[in-house]
Amino acid sequence: MSESKQHTIVTGGAGFLGSHLCERLLKEGHRVTCLDNLLTGSTDNIAHLIGNEDFQFYKFDVTNYIYIEGKVDNILHFASPASPIDYLEHPIHTLKVGSMGTHKALGLAKEKGARFLIASTSEVYGDPLVHPQKEEYWGNVNPVGPRGVYDEAKRFAEAITMAYHRAHGIDTKIVRIFNTYGPRMRVKDGRALPNFISQAICGEDVTVYGDGTQTRSFCFVTDLVDGIHRLLNSDLHEPVNIGNPNEVTIGEVAEEVIRMVGSKSRIVHRPLPADDPKVRQPDIEKAREKLGWEPRVSREEGLKKTIEYFRRRLKE
Ligand code: UDP
């Protein structure tokens with residue numbers, strides 16, 4: 001194990017995004033320590049990295065004091081339930097990892113003089129009254145609704161991150177992640193694309209919530225990871241949106257998935273969950289201008305890869 005390599009901690013590193021990040025950082029020549037309590041993450045996502053001498057995994061809940069020996073150059077705080085059904089099932093954990101977990105991870109950054117990057121979310125904009133969403137928009141969040149546990153935890157996480165930057169001079173970054181998809185999402189994740197793809201493959205009814213006119217903008221995971229990598233290496237401290245601005249209605253996406261899978265499934269409508277945002281689309285001018293980043297993978301190409309992954313998982 002080389003000490004000259006950058007040592008990077010990824011909390012939530014066994015999750016969907018975290019595992020793709022660990023992989024990318026190892027490719028970039030980092031030594032990576034992955035911390036995950038496996039509440040929604042899985043060792044399946046990192047099984048291929050075990051045995052790499054630059055990769056270490058610890059099953060650990062980062063709401064507790066984090067002790068790491070030796071130097072740490074970067075901390076990427078990605079631990080959190082992130083699907084609406086997960087944070088409804090684990091509301092207290094969601095609040096704790098966003099607040100106490102972020103506090104502990106920032107404490108480690110302060111102790112080690114490390115760079116810190118927090119995974120924030122488009123949920124900080126709530127059910128937005130400004131469209132598309134620019135970073136300057138402060139949002140429309142219901143603090144006491146069922147999604148409030150996630151939205152407010154992430155808003156707190158952004159606030160404490162800026163406080164550590166301003167008060168302690170920590171080199172911090174905030175990425176606001178919009179809907180992302182790709183291989184390693186869980187089949188039972190509950191979000192729109194995993195549901196639609198697994199329902200279409202299994203020939204089950206495809207469940208569109210509400211009338212399907214609500215919109216989202218889906219980013220393929222490799223594009224997202226590239227944006228995060230650029231942000232980590234930038235000198236930006238204010239939040240940056242990373243997402244794909246290609247907006248689509250949920251009804252259209254359901255039809256697209258059924259067509260691409262070649263399925264006979266039909267669309268059925270179910271009640272819209274409380275506080276479900278009616279529209280969502282990132283304004284990515286800041287990322288374009290300051291990071292030279294924009295997404296490259298089309299929905300067609302991304303969905304094809306994701307569908308292949310789900311077909312494999314559903315056969316197991
Ligand atoms: N959705 C749906 N059917 C499903 C799962 C989700 O119609 O089986 C809708 C959900 O109500 C929302 C959109 O798809 O309007 C995206 O939901 P998701 O859970 O993926 O994430 P969100 O963007 O709401 O955080």
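In this text, all values refer to a predicted model and were calculated from it rather than measured experimentally. Index from 1, following the sequence. Each ligand, and each atom within it, is numbered from 1 in the order the structure gives.
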Trainee: Contact residues of ligand 1 with a heavy-atom cut-off of under 4.0 Å?
Mentor: Pro84, Glu123, Arg147, Asn179, Gly190, Arg191, Ala192, Asn195, Phe196, Thr207, Val208, Tyr209, Gln214, Arg216, Ile250, Pro273, Asp276, Arg280
Trainee: Tyr125 and side-chain hydrogen bond (donor to acceptor under 3.5 Å, both in side chains): which partner among Glu135, Arg176, Gln133, His131?
Mentor: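 Of Glu135, Arg176, Gln133, His131, side-chain hydrogen bond (donor to acceptor under 3.5 Å, both in side chains) with Tyr125 is met by Arg176 alone.
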Trainee: Apply salt bridge (charged side-chain N to carboxylate O under 4.0 Å, His left out) to the pair Glu256 and Arg299, showing each step before the final yes or no.
Mentor: CA-CA 10 Å; Glu256 210 168 275; Arg299 206 166 53 243; 2.7 Å; yes
Trainee: Among His7, Arg31, Lys5, His30, find the one that has a side-chain hydrogen bond (donor to acceptor under 3.5 Å, both in side chains) with Asp54.
Mentor: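 Only one of His7, Arg31, Lys5, His30 forms a side-chain hydrogen bond (donor to acceptor under 3.5 Å, both in side chains) with Asp54, namely Lys5.
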Trainee: Does any donor atom in the side chain of Glu158 or Thr161 lie under 3.5 Å from an acceptor atom in the other side chain?
Mentor: no
Trainee: If we count only N and O atoms by modelled type, under 3.5 Å, do the side chains of Thr215 and Gln281 hold a donor and an acceptor together?
Mentor: no
Trainee: Taking the six-membered ring where the residue is Trp, are the ring centres of Tyr164 and Phe116 under 6.0 Å apart?
Mentor: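 No.
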